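In this text, all values refer to a predicted model and were calculated from it rather than measured experimentally.
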Amino acid sequence: MAERDPAEARLWLMTLVRLAGLLTVFGGMWLVGRAPETGGPMGGGLMLMAAGAIIVLFGPRALKTRWK
C-alpha cells in the first residue's frame with residue numbers, strides 16, 4: 001500500500017487549525033450572548049473571539065513558515 005502524501009497531512013493540519021480558531025470564535029460569541037442574561041462580564045467572550053480570529057488568520061501562516 002502506498003504511503004500517505006505529506007502535503008495531504010499538512011493540508012489537514014492547516015484545516016484543523018482553522019477549525020479550532022472558528023470554534024474558539026463561536027465559543028466567544030456564545031459567552032458574549034449569554035452575558036446579559038447571566039450578568040457576567042463580556043470581556044472574556046470578546047477576548048476569545050479575538051484569539052480565535054488571530055488563530056484563523058495567523059495559525060496556517062505560522063505552520064507554513066515552520067515547514068519551510
Side-chain angles (χ1 to χ4, degrees):
M1 187 164 169
E3 286 191 34
R4 193 170 197 185
D5 186 17
E8 182 182 0
R10 289 179 176 184
L11 174 68
W12 279 110
L13 185 59
M14 289 177 114
T15 302
L16 287 175
V17 167
R18 288 182 184 114
L19 182 61
L22 283 175
L23 290 176
T24 305
V25 169
F26 288 143
M29 291 172 75
W30 179 76
L31 283 176
V32 168
R34 288 206 38 158
E37 63 190 42
T38 61
M42 284 193 197
L46 294 174
M47 288 175 60
L48 270 178
M49 289 170 50
I54 289 170
I55 291 170
V56 167
L57 291 174
F58 297 115
R61 289 181 188 176
L63 286 174
K64 185 180 114 180
T65 57
R66 181 178 170 218
W67 290 329
K68 275 191 170 186

- prompt: Going from CH2 on Trp30 to CG on Leu23, what distance comes out if it is rounded to the nearest 0.5 angstrom?
  reply: 14.0 Å
Approximate separation, where rounding is to 0.5 Å, of Leu11 CG and Thr15 OG1: 4.5 Å
task: Among residues two or more places apart or on two chains, list those pairs meeting salt bridge (charged side-chain N to carboxylate O under 4.0 Å, His left out) that have a residue in residues 4-22.
output: Arg4-Glu8
- prompt: Would Met49 and Phe26 show up in the same hydrophobic cluster when neighbours are defined by side-chain heavy atoms closer than 4.5 Å?
  reply: yes
Which pair of non-hydrogen atoms, one from [X] and one from [Y], has the smallest distance, and what is that distance?
X     : Y     : answer
Leu22 : Val56 : N-CG2, 3.6 Å
Val17 : Ile55 : O-CG2, 3.6 Å
Ala35 : Met42 : CB-CG, 3.6 Å
Ala62 : Thr65 : O-OG1, 3.0 Å

Contact check, side chains of Met29 and Val32, non-hydrogen atoms, under 4.5 Å: no
message: Within the supplied structure, the quantity of interest is the number of heavy atoms (other residues, nucleotides, ligands) at a distance under 6.0 Å from Trp12 CH2; does it exceed 12?
response: no
